[in-house]
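By convention in this document, chain letters (A, B, ...) are assigned in the order of the sequence lines, proteins followed by strands, and residues within each chain are numbered from 1. Just so you know, these numbers use all the heavy atoms, side chains as well, and skip hydrogens, waters and symmetry mates. Please read all numbers here as calculations on a predicted model, not as lab measurements.
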2 protein chains.
Amino acid sequence: MTAVGNNKPKRETYRHGDLRNALVEAGLELARQGGPTAVVLRAATRQAGVAPNAAYRHFTDRNALLHAVSQAAMAHLARTMEAEQTTLPPTTDAAAAARARFRAVGTGYLRFAQEEPGLFRTAFHVPGDMTHAAADTAAGTTGKTPFELLGTALDGLVEAGLLPEDRRPGAEFLAWSAVHGLACLLIDGPLRGLHPTRVHDAGQHVIDMIERGI
Amino acid sequence: MTAVGNNKPKRETYRHGDLRNALVEAGLELARQGGPTAVVLRAATRQAGVAPNAAYRHFTDRNALLHAVSQAAMAHLARTMEAEQTTLPPTTDAAAAARARFRAVGTGYLRFAQEEPGLFRTAFHVPGDMTHAAADTAAGTTGKTPFELLGTALDGLVEAGLLPEDRRPGAEFLAWSAVHGLACLLIDGPLRGLHPTRVHDAGQHVIDMIERGI
DNA sequence: ACCCATTGTGTACGATGTTCACATTTGGAG
DNA sequence: CTCCAAATGTGAACATCGTACACAATGGGT
């Protein structure tokens, strides 16, 4: 059953109308299942019901398409992190709230890595310079990229007096390193296939370490 | 100048004699320059002066070849970490020595990631289960894998009284997460292209965090 | 109403992974 | 020593992929 997968068999308009988006969407689905290497130009065009070359009207390269998909995956990550923060129970304790929001950043990050490993890998697949990932293409519903979400959470820790101001500079890289590293170990490192509850525990332990060591 | 690269143009014996090794070696060179995706079966056989299919007598798949190359890269990493430890100045203070050996594990890891990003990426490219990476194919000259080197360094910390025994279990994953994450950020994350001295500083900061938070 | 920039098509080329049938060599068993 | 079977390398072939080039259809601005 290799050939019949013509999901969007045909269209009657010569113009597609929204091909660029359709290609990114198809690429996202491919990435979701097989990671960055699975986002294949011809497969995406097939899914969009279009000749392979049509893609070149919207992307100079397969790499350009992959980059767009990567940005979209990054936006998914941002939304997952935001969602994790919105599930937080309300508190009157400002310090506790800041701390909870900080931890939610890491927890959401790890949850996304676990639930959507293909998209996670794609998001971080040679993503240009992630610092200039201020690109709104990588942002969530609040308009912030994952990196910026982490930054504001750290600022919150400082405001709440939980993080000395002189430790603030560069703290995002310490926190990010630890959480991202754990994500890698969970996805295709030695911790792959760990029981979900153990995964959650491991995540909390890493975040504990960050809070102590930051 | 695409076609002339026939480095090992011919051989006069029908049998190659050591093809499996030659392919892994060629694969290592490809990986060094272009990461895992650059280890191309046909390129490796070309380099070995052999028909493409000959590879299938030694590897079931391109993936099997890639896996072997990955293991070899992991061994390189182990040797770099060992080398970092041997450059340590001798000390009579046992605790200081244990601490230095622990930090050298992380420093060597990061140095390898920086100096050989292609090999580093290849070493961690879907490396089967790294836990059962007790495989001697991934070991350095001391016969220990990177994971095992980290473990013994942590044991050293416990023996020296620098790490409470109840914090020892699972500590390798905390330390590994942080260092590995930083390596990723340095190689193709936001910290790519950072000035080498800054890179070193960032590494020391992360290791500081680990020591405080472990 | 007519251009022409935009967008999609068809055909084609080189490279890659992989398979199948065949050739050459080597190491033992007789 | 001979000879045969297992091991190892070769050749031709196929499907798929990224990509380039020439061409066709469309539709908005003058």
Side-chain angles (χ1 to χ4, degrees), chain A residues 1-6 8-27 29-31 33-70 122 125-126, chain B residues 1-6 8-27 29-31 33-70 122 125-126:
Chain A
M1 57 162 71
T2 349
V4 198
N6 223 355
K8 306 277 170 47
K10 254 167 201 168
R11 64 189 189 288
E12 63 285 340
T13 60
Y14 183 81
R15 302 303 184 78
H16 179 288
D18 194 21
L19 184 52
R20 191 197 149 93
N21 250 306
L23 290 176
V24 173
E25 217 62 34
E29 188 50 33
L30 293 170
Q33 298 179 359
T37 60
V39 36
V40 167
L41 192 145
R42 288 178 102 110
T45 59
R46 226 173 286 141
Q47 168 77 13
V50 127
N53 313 332
Y56 288 86
R57 299 297 175 189
H58 303 271
F59 302 97
T60 72
D61 241 1
R62 178 215 174 223
N63 238 310
L65 168 60
L66 181 55
H67 185 66
V69 174
S70 160
T122 305
H125 185 252
V126 194
Chain B
M1 58 162 72
T2 347
V4 199
N6 223 353
K8 305 278 170 48
K10 257 167 199 166
R11 65 191 191 286
E12 62 286 338
T13 60
Y14 183 81
R15 305 292 240 253
H16 179 287
D18 194 19
L19 183 54
R20 191 198 149 91
N21 249 307
L23 290 176
V24 172
E25 216 62 34
E29 188 52 33
L30 293 170
Q33 298 179 0
T37 60
V39 36
V40 167
L41 193 146
R42 288 177 104 111
T45 59
R46 225 174 287 143
Q47 169 77 11
V50 127
N53 316 333
Y56 287 86
R57 300 296 175 189
H58 303 272
F59 302 96
T60 72
D61 241 3
R62 176 209 175 230
N63 238 311
L65 169 60
L66 181 54
H67 185 68
V69 174
S70 160
T122 305
H125 185 254
V126 196

State, yes or no, whether a side-chain contact exists between A:Val39 and A:Arg62 at a heavy-atom distance under 4.5 Å. yes
Walk along nucleotides 13-18 of chain C from 5' to 3' and tag each nucleotide B, S or - by protein heavy-atom contact under 4.0 Å, base first, then sugar-phosphate. ---BBB
Nearest heavy-atom neighbours spanning B:Pro52 and B:Leu41: O-CD2, 3.6 Å
Between the CD atom in A:Gln47 and the CD atom in A:Glu29, the distance rounded to the nearest 0.5 Å is 8.0 Å
Heavy-atom nearest nucleotide on DNA chain D taken for B:Ala51 and for A:Thr13; more 5' hit belongs to B:Ala51
Measure the CG-CZ distance between A:Asp18 and A:Arg20 for me, rounded to the nearest 0.5 Å. 10.0 Å
Separation of C:dT24 P from B:Leu19 CG (nearest whole Å): 19 Å
B:His16 NE2 to D:dA7 C1': how many Å, rounded? 16 Å
Euclidean distance, atom CZ of residue A:Phe59 to atom P of D:dG18 [Å, nearest integer]: 14 Å
Residue mapping more 5' on DNA chain C - nearest nucleotide basis, B:Arg15 or B:Arg57: B:Arg57
If you compare every side-chain N and O of B:His58 against the phosphate oxygens of D:dG9 (OP1, OP2), does one of them come in below 4.0 Å? yes
Heavy-atom distance under 4.5 Å between the side chains of A:Thr122 and A:Leu66, does that happen here? yes
To the nearest 0.5 Å, tell me how far B:His16 NE2 sits from B:Arg57 CZ. 15.5 Å
